[in-house]
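Within every chain, numbering begins at 1; the chains are lettered A, B, ... in the order of the sequence lines, protein sequences first and strands thereafter. In this text, all values refer to a predicted model and were calculated from it rather than measured experimentally. Side chains included, hydrogens not; waters and symmetry mates left out as well; all remaining heavy atoms used.
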Protein chains: 2
Amino acid sequence: MIVESLKDQDSETKILEAAKTVFTRKGMDGATMQEIADEAQISRTSLHYYFRNKEKLFEIIFAESLDRITPRFNKIIEMPIPLFEKIELFVENYLNVLTENPMLPGLIVHEMSRDPHTVFNIINKKGIKLDKLLVQMELEKMGGVLRNFPIEHFVVNIFSLCVFPFLAKPLLEEYLFDNDENKFQQFIEERKKVISESIILFIKK
Amino acid sequence: MIVESLKDQDSETKILEAAKTVFTRKGMDGATMQEIADEAQISRTSLHYYFRNKEKLFEIIFAESLDRITPRFNKIIEMPIPLFEKIELFVENYLNVLTENPMLPGLIVHEMSRDPHTVFNIINKKGIKLDKLLVQMELEKMGGVLRNFPIEHFVVNIFSLCVFPFLAKPLLEEYLFDNDENKFQQFIEERKKVISESIILFIKK
DNA sequence: CTCTTGTCTGACAAAGGTGTCAAAAATAGA
DNA sequence: TCTATTTTTGACACCTTTGTCAGACAAGAG
């Protein structure tokens with residue numbers, strides 16, 4: 001109790017890592033507590049000792065994953081820099097986060113079709129604040145830097161171009177990159193410029 | 001036996017429709033045979049009579065869904081028309097297909113993370129033939145109509161922009177469209193122009 | 001050493017899902 | 001009508017998974 005024993009910490013984080021691995025690999029339905037326990041190298045009963053049941057565990061993993069993404073973006077959005085720079089920064093950061101968590105989009109998409117409400121709840125608490133970005137865009141439209149494009153499409157385009165490759169990753173690796181993980185990574189690296197470029201072309205006058 | 005009785009047809013197609021509904025709603029893992037049987041308004045045992053087991057049923061649904069998509073595209077790709085027109089036609093058709101099968105992308109993405117091999121097999125049999133499109137693009141690059149852009153990114157961009165909104169549909173409806181299905185549909189309609197425009201901007205000289 | 005506290009486990013019961021079978025029900029053909 | 005075939009079903013056995021519980025085990029405090 002005094003030491004808040006190391007093994008505690010160890011087991012708990014081991015479990016969280018294992019759970020993240022298994023959930024992203026199999027989804028909430030496909031994953032079993034046994035598999036998570038094996039991955040964490042503890043008994044299934046221990047798993048239940050730390051996390052009462054599968055749903056709770058899943059929610060924790062899911063919320064934690066989102067937490068890792070959004071704060072960075074809100075920072076970028078609030079920076080006092082020109083929109084085009086902001087877009088470049090945003091895209092680069094987003095692709096970096098996704099590279100570190102390549103399975104996350106799939107997890108979100110799947111969970112969203114299984115139970116959208118959970119996802120909304122978490123996003124409401126932790127989501128990206130687009131409002132400020134939109135205000136800036138309206139201003140720059142007035143200022144004559146931007147053409148009068150539809151903002152919803154702008155937002156959807158950015159997310160589409162960034163996220164989709166990770167959702168289709170196995171497909172791309174099979175059909176475009178000879179199953180070479182490095183080529184995929186190279187592709188994402190190139191993409192940082194490609195996306196900014198494409199988006200800026202789309203909105204500038 | 002002679003008539004290949006109507007009820008046969010009925011039950012079988014009822015099952016296929018029900019299975020498609022349930023699989024797209026719950027994924028292969030989340031779906032149960034009972035749920036499919038209920039949806040088709042027959043007993044679970046009858047379900048097994050028509051389709052030996054869940055895997056078989058799923059594979060059929062999955063292959064059939066892909067079949068509905070790809071032939072159209074191969075036709076468009078082979079049409080003897082300029083690339084820009086081809087892109088517009090492709091995008092419009094793709095968004096139409098997706099509107100008719102809005103859950104399909106989610107199903108494919110999920111199944112791909114569960115078992116990529118199945119997906120590859122089906123795509124190999126029924127997939128889109130991009131080769132001819134790529135040849136045409138090289139030609140038009142030579143011809144000076146197109147700038148020297150990276151073709152992989154072009155392909156990924158088109159698919160990203162078309163498919164992603166359907167993957168994120170619940171999210172978009174919640175946060176952009178006040179949960180109004182019509183607004184989403186309106187958005188997709190606008191998108192036909194937006195995507196072609198954005199893509200053409202990206203590749204033309 | 002003994003007690004307490006926190007960690008872990010094996011064994012169990014309960015629930016849910018799958019697939020099979022024999023037999024009932026429906027249908028077509030004679 | 002009677003028979004043969006197809007379709008449908010209820011009942012069953014089996015397996016997997018979940019979640020609980022009592023008790024074992026380790027470690028620090030007295």
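A:M79 approaches A:K86 most closely through the heavy-atom pair O-NZ, 3.0 Å.
A donor-acceptor pair shorter than 3.5 Å cannot be found between the side chains of A:Q186 and A:N182.
In this structure, A:Y49 does not reach the D:dG19 phosphate: none of its side-chain N or O atoms is under 4.0 Å from OP1 or OP2.
Scanning residues 25-33 of chain A for heavy-atom distances under 4.0 Å to DNA chain D yields A:A31, A:T32, A:M33. Contact check of residues 36-46 of chain B against DNA chain C (heavy atom, cut-off under 4.0 Å) returns B:R44, B:T45. Contacts between residues 52-64 of chain A and DNA chain D, defined by a heavy-atom separation under 4.0 Å, are made by A:N53, A:K54.
Residue pairs meeting the side-chain hydrogen bond (donor to acceptor under 3.5 Å, both in side chains) criterion with at least one partner in residues 88-98 of chain A, sequence neighbours excluded, are A:N96-A:K192.
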Which donor-acceptor pairs under 3.5 Å do the side chains of residues 99-108 of chain A make with protein atoms, sequence neighbours left out?
from: A:T99; atom 1: OG1; to: A:L95; atom 2: O; distance (Å): 2.7
from: A:E100; atom 1: OE1; to: A:R72; atom 2: NH2; distance (Å): 3.3
from: A:N101; atom 1: OD1; to: A:K20; atom 2: NZ; distance (Å): 2.9
from: A:N101; atom 1: ND2; to: A:V97; atom 2: O; distance (Å): 3.1

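Considering only residues two or more places apart in sequence or on other chains, A:F164 meets the ring-ring contact (aromatic ring centres under 6.0 Å, His included) condition with none of them. Considering only residues two or more places apart in sequence or on other chains, A:F84 meets the ring-ring contact (aromatic ring centres under 6.0 Å, His included) condition with none of them. Under the ring-ring contact (aromatic ring centres under 6.0 Å, His included) criterion, A:F177 pairs with A:F187, sequence neighbours left out. Judged as a salt bridge (Lys or Arg N to Asp or Glu O under 4.0 Å), and not counting sequence neighbours, the contacts of A:D178 are A:K183. Remark: A:K132 pairs with A:I77, A:E78 by the side-chain contact (heavy atoms from CB on, under 4.5 Å) rule, at least two apart or across chains. For B:E174, the side-chain contact (heavy atoms from CB on, under 4.5 Å) criterion is met by A:F120, B:N179, not counting sequence neighbours. Under the side-chain contact (heavy atoms from CB on, under 4.5 Å) criterion, B:V155 pairs with B:L130, B:L134, B:I151, B:F159, sequence neighbours left out.
Rounded to an integer number of Å, the gap from B:F51 CZ to D:dT8 C1' is 15 Å. Between B:Y50 atom OH and C:dG19 atom P there is a gap of 18 Å when expressed in whole angstrom units. Whole-Å rounding puts the B:L47 CG to D:dT9 P distance at 11 Å. Protein atom CD of B:E12 is 10 Å distant from nucleotide atom P of D:dT8, rounded to whole Å. Going from atom CD of A:Q34 over to atom P of D:dT18 covers 9 Å, rounded to whole Å.
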